[in-house]
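Have a look at the structure that comes next, please.
Counting begins at 1 with the first residue of the sequence.
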Amino acid sequence: MTRTFTVAAAPHEALDYLKDLRHAADWHPGTLSCGRLGTGPVEVGARWHNVAKIAGVELELTCELVRLEPGRVVFTGTNDTTATRDDITITPTGAGGSTLTYHATIEFRGAADLGAPIAEVVFEKAGADAEDALTRILGTPAWASGGPF
């Protein structure tokens, strides 16, 4: 699933928000809770315990920040039956906001793979819901909300 959309937040503000996966319950569809494992700065190697519900099935994943750089944040999530990857790039717009490209993948292993066709449909809707939530949280650009432009 890939979504590209624009938010009002500047790139550094968007990155600061997105790099801490504790916020996932606010914007990531299906995430019921996401608590930090360990302490210290949020940097590559930071981990979270994520509880999500996908297609009616509750999953517990250990998520890890695997890439953090200006303009990009990447998380992986794993358990015995599932592997996820959330890759978000952030580019500046000419108006001071950001364009986010959110690319998410989910891979089921073993018997869980039987649910993949249903999950695809659910995952596409989740992409639209994530876009809506992030636009609400990080702000709708003035030009997109009927503001002065």
Inset, instruction - Apply side chain to side chain contact (heavy atoms under 4.5 Å, CB included) to I88 and list each qualifying residue two or more places apart in sequence or on a separate chain. - result: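 I88: side chain to side chain contact (heavy atoms under 4.5 Å, CB included) contacts with L18, W27, V73, I90, Y102.
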Could you pull out every donor-acceptor pair under 3.5 Å between side chains of residues 39-60 and any protein atom, sequence neighbours left out?
unit_1 : atom_1 : unit_2 : atom_2 : d
W48    : NE1    : D20    : OD1    : 3.4
H49    : NE2    : E60    : OE1    : 2.7

Legend entry - Point-to-point distance, once rounded to the nearest 0.5 Å, from NE2 of H103 to CE of M1: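 One finds 8.5 Å between NE2 of H103 and CE of M1.
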Legend entry - Least distance between heavy atoms, A10 atom then S98 atom: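 So the two residues come closest at C-OG, 3.1 Å.
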Inset, instruction - Measure the shortest side-chain to side-chain distance between F75 and L68 over non-hydrogen atoms and say whether it is less than 4.5 angstrom. - result: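 Not in contact.
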Inset, instruction - State, with a plain yes or no, whether a side-chain heavy atom of L138 is found less than 4.5 Å away from one of E13. - result: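 No - every pair of side-chain heavy atoms lies 4.5 Å or more apart.
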Inset, instruction - Heavy atoms only: give me the nearest R72-L15 pair and the separation to one decimal. - result: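 So the two residues come closest at O-CD1, 4.0 Å.
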Inset, instruction - Check G97 against P11 and note the closest heavy-atom contact, atom names and distance. - result: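 Distance-wise, the nearest heavy atoms are O-CD, 3.7 Å.
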Legend entry - Between SG on residue C63 and CZ on residue R36, distance to nearest 0.5 Å: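 Between C63 SG and R36 CZ, I get 12.5 Å after rounding to 0.5 Å.
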Legend entry - Reported CD-to-OG1 distance for the pair E107 and T81, which is rounded to 0.5 angstrom: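 So the CD of E107 and the OG1 of T81 are separated by 11.0 Å.
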Legend entry - Non-hydrogen side-chain atoms of T99 and F5 separated by less than 4.5 Å: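 Answer no - side chains too far apart.
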Inset, instruction - With sequence neighbours excluded, tell me which residues meet side-chain hydrogen bond (donor to acceptor under 3.5 Å, both in side chains) with T31. - result: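 Per chain and number, T31 pairs via side-chain hydrogen bond (donor to acceptor under 3.5 Å, both in side chains) with H28.
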Legend entry - Any pair counted as salt bridge (Lys or Arg N to Asp or Glu O under 4.0 Å), so long as it reaches residues 131-141, sequence neighbours left out: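 Sorted pair list: R3-E131.
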Inset, instruction - Evaluate the side-chain proximity of L21 to L65: yes if any heavy-atom separation is below 4.5 Å, no if none is. - result: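 Counting from C-beta outward, L65 and L21 never come under 4.5 Å.
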Legend entry - Close side-chain approach of T82 and L61, heavy atoms under 4.5 Å: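 Counting from C-beta outward, T82 and L61 do come under 4.5 Å.
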Inset, instruction - Would you give the length of the straight line joining atom CG of D86 to atom OG1 of T105, rounded to the nearest 0.5 angstrom? - result: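 Interatomic distance, D86 CG to T105 OG1, rounded to 0.5 Å: 7.5 Å.
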Inset, instruction - Apply side chain to side chain contact (heavy atoms under 4.5 Å, CB included) to T101 and list each qualifying residue two or more places apart in sequence or on a separate chain. - result: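 With neighbours one apart ignored, the set is T2, T4, T89.
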Inset, instruction - For S33, enumerate each residue passing the side-chain hydrogen bond (donor to acceptor under 3.5 Å, both in side chains) test, keeping only those at least two apart in sequence or located in another chain. - result: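 With neighbours one apart ignored, the set is empty.
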